[in-house]
Visitor: 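Okay, handing you the structure first.
Reminder, nothing fancy here: chain letters follow the sequence lines and each chain counts from 1. Since this is a predicted model, take the numbers as computed values, not measurements.
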Protein chains: 4
Amino acid sequence: MAAGRKRSETSRLAALAATRALLVELGYERITLDAIAARAGVGRQTLYRWWGSKGAIVADAALAGGVATELRPIADSGDLRGDLRAWLNEWVSHVATPEGTSLTLALTAASSDNQAIADQLYERFTGPHEEQLRARLARAREVDQLPADADVSTIAAVLIGFLLYRILGRQRLPAASDVDALVSLVVRRQGDGHGEAARH
Amino acid sequence: MAAGRKRSETSRLAALAATRALLVELGYERITLDAIAARAGVGRQTLYRWWGSKGAIVADAALAGGVATELRPIADSGDLRGDLRAWLNEWVSHVATPEGTSLTLALTAASSDNQAIADQLYERFTGPHEEQLRARLARAREVDQLPADADVSTIAAVLIGFLLYRILGRQRLPAASDVDALVSLVVRRQGDGHGEAARH
Amino acid sequence: MAAGRKRSETSRLAALAATRALLVELGYERITLDAIAARAGVGRQTLYRWWGSKGAIVADAALAGGVATELRPIADSGDLRGDLRAWLNEWVSHVATPEGTSLTLALTAASSDNQAIADQLYERFTGPHEEQLRARLARAREVDQLPADADVSTIAAVLIGFLLYRILGRQRLPAASDVDALVSLVVRRQGDGHGEAARH
Amino acid sequence: MAAGRKRSETSRLAALAATRALLVELGYERITLDAIAARAGVGRQTLYRWWGSKGAIVADAALAGGVATELRPIADSGDLRGDLRAWLNEWVSHVATPEGTSLTLALTAASSDNQAIADQLYERFTGPHEEQLRARLARAREVDQLPADADVSTIAAVLIGFLLYRILGRQRLPAASDVDALVSLVVRRQGDGHGEAARH
DNA sequence: AGCTAATCGAGACGGTACGTCTGGTCTTGGA
DNA sequence: TCCAAGACCAGACGTACCGTCTCGATTAGCT
């Protein structure tokens, strides 16, 4: 029962780095497995051996060390609105880089193209972030920074959806004031009337 | 200088219909100009003559008669929340069809791929809808269904972003109750406190 | 009922010429359809469209304008031995060129590899030559330059087999004296005893 | 200086046997070192260690125990024509088997491809047989079964070339009557006129 | 008995060529 | 001048082999 040669970690990392670089330069559609292999100094068969398709390697490259890993957890300073603003602004500044924009667009294209990638993206990236957001909102609700009947899932979806719309629209990324307006819209100060209460 | 034969309207419509059909069956990445030409009974050169690229014909097909045109304007019954719920639900039911989902995903992929398509999409589709939404919200603000300082742009972006997130996530389309929660979150009954007013 | 573009004669000839050139340079095994296409300035698909395989194009290239077409018919001067010697010597000098040797070896390799090529080679090349040889021998028999019971098929096969053996052996091509010996062996002067006749 | 492990004779024989089997099944061009290694249950590196190339292993497999070794020497019963007929017929029946045909074609292809194989083939196989033939013919000449001026080299080449032509042609292997005609053509009964003797 | 070194089967590596498919262009003959 | 058909060049696709390079596991001779 012989072992055979081990998978080359060098090749794996070179392939992912080359993919990220080419994704930034060319975008998902114009990228080529030939180009990735050439840039990484790796055989084409090696890419097929370990990833099997362009979509898979792109997803892995974008998620492993690309977009996802540098994101910080949402702070819990006790100030929900401040924490959300900080988190959203960090996101925006992260995506505002050319690399961030390219990788995000590439992931969107790959997800639209391939259900498996979409699932992986959700499982490894979107889902954890959404869950983190819901957890932070739930904690805020417990300390009465949100009304007891606040719908944390809807709030989380609205925050992420807003970012998504602005990124994909590529017209203009949200400024700090846009983030302020967003947070103010969906998270009112506790003690603000909610429901039919105090007429003005 | 002879005038020559006129452009064949039959061919144009057949090409667009074939593109839509194949988009639904295959998605943006897997579609082929050969396949469009064959299904439409049209020469391949004819597609290049009038559209010039795969992206252009896909965008035209999806926008002209595909996703966009069947949408109704937002009603103005005087009841903002009801009107928004109706509009959002109509949108959801429109996208919930297989054809609607496929065309939306195809447009997303094409937009991620190609800035020109993204611009066209915004100009002919997203922009008008957002503008319509802002106009409806502004009218509501005038009749005091929204606070005077409400940020209609942010509200509009949030509503669209929420839909976008749910569609692209492909986990599950929003139910009527999700739409209710969304509308309740961003459009409070007039008289609700809004702004920095009360407690500190 | 439209016609479509005609097959490009330019491309066809360029492909065959490039194949011959590369066959001489590289030999059958080391030749590449990529290389043929590149040298001919022709798309690779065009080669597959019209020939379908490396073997087919090699056979066509070697037969059409390569080895076969320049061969003269066997003369009929009335002198069988002289005519055969001339024909054999012409053959040897033809094959003795680098191009002739390479093409012959390539055809042999291709025939060993592929029955279809072997059949085509026989039908378009070997067969006609053998038939021509048989016809010349039969005419000689009619004018009593060969015995009435001479087996023209065997003689023809022996002449061709001798050449084949010397060419494939690649040790040394037959000289004029070898050709003389061969002709003397298989074609005796009429009037020479044949059979049990004149004991010595 | 320790010695290390010895070469595995088991592996060597398994490799040669697998090569012969695959040569029969697939032919020279379609054979694969992967396939040989897999069938022999041998590592690929072992093949390269001991033979170094596909051509080398194929030549070794075909010559060692394949085509060559089973051939008997030419008998010397005193009857030259009978001995030649027996030898040729044995050859034909040997090659007429599927295995014999495949191995012969494989050797031809390999020789056309590779000069080193061609040389080895001549040295280990064709050469010895031709030499054996020449020796038998020379002995016959000494006992006056051939004319004193008979060219034994040409006769030997003619006999081998005839076989080669029939085998490679693959149209039909020579029957016993063809062998008779061949022998009668090149070996006339002593006492037959030979040379420029009689008529002018 | 332990050491040392060459061998073994297995299998990943960087490459090259395969045969196919598509993109975008050009040509043909008919309307 | 447009159209359907279809050949053209270019180049990416995913697969199959090549010849090389690790791996860990056997074998031996030499100490």
Visitor: Could you check how far CZ of D:R5 sits from P of E:dA6, rounded to whole Å?
Guide: 14 Å

Visitor: How many angstroms lie between OG1 in D:T19 and OH in D:Y28, if you round to the nearest 0.5 Å?
Guide: 12.0 Å

Visitor: Would you mind reading off the distance between D:E29 atom CD and F:dA16 atom C1', rounded to a whole angstrom?
Guide: 16 Å

Visitor: Quick one, B:S102 and B:L23 - any side-chain contact, counting heavy atoms below 4.5 Å?
Guide: no

Visitor: Nearest whole angstrom, please: distance from the C1' of E:dT25 to the CG of B:D34.
Guide: 13 Å

Visitor: For D:R30 and A:L33, take the nucleotide of DNA chain F holding the closest heavy atom to each; which residue's nucleotide lies nearer the 5' end?
Guide: A:L33

Visitor: What is the distance, to the nearest angstrom, from the OH atom on B:Y28 to the C1' atom on E:dT22?
Guide: 13 Å

Visitor: Give, ordered by number, those residues of residues 40-50 of chain D having at least one heavy-atom distance below 4.0 Å to an atom of DNA chain F; if nothing qualifies, reply none.
Guide: D:R44, D:Q45, D:Y48

Visitor: To the nearest Å, how far apart are C:L26 CG and E:dA17 C1'?
Guide: 14 Å

Visitor: Establish, with yes or no, whether the OP1 or OP2 oxygen of F:dA5 is under 4.0 angstrom from a side-chain nitrogen or oxygen of C:K6.
Guide: no

Visitor: Return the value, rounded to whole Å, for the distance between atom CD of C:E9 and atom C1' of E:dT27.
Guide: 16 Å

Visitor: Both D:A37 and A:A37 contact DNA chain E. Which one's nearest nucleotide lies toward the 5' end?
Guide: D:A37

Visitor: Before accepting this row, confirm whether a basic side-chain N of the pair A:D60/A:R124 lies closer than 4.0 Å to the acidic partner's carboxylate O.
Guide: yes

Visitor: Does CD in A:Q115 sit with more than 12 non-hydrogen atoms of other residues, nucleotides or ligands closer than 6.0 Å?
Guide: yes

Visitor: Check D:T104, D:L103, D:L105 against D:T101 for a side-chain contact (heavy atoms from CB on, under 4.5 Å) and give me the one that passes.
Guide: D:L105

Visitor: Give the rounded distance in Å between these two atoms: NZ of D:K54 and P of F:dT20.
Guide: 15 Å

Visitor: Please figure out whether B:S11 or A:T32 has its closest DNA chain F nucleotide nearer the 5' end.
Guide: B:S11

Visitor: Taking the side chain as C-beta and beyond, is there a heavy-atom pair between B:L22 and B:T32 under 4.5 Å?
Guide: no

Visitor: Round to the nearest Å and state the distance from C:R12 atom CZ to F:dA7 atom C1'.
Guide: 15 Å

Visitor: Are any of the side-chain heavy atoms of D:W50 and D:R12 separated by less than 4.5 Å?
Guide: no

Visitor: Quick one: bend of the helix from E:dA1-F:dT31 to E:dA31-F:dT1 from 5 pairs per end, to 10°?
Guide: 10°

Visitor: Would you please name every residue forming a salt bridge (charged side-chain N to carboxylate O under 4.0 Å, His left out) with D:D119, sequence neighbours left out?
Guide: none

Visitor: I'd like to know if B:R39 and B:E25 make a salt bridge, using a cut-off of under 4.0 Å between side-chain N and carboxylate O.
Guide: yes

Visitor: Taking any heavy-atom pair under 4.0 Å as a contact, classify A:S53: base, sugar-phosphate, or nothing.
Guide: nothing

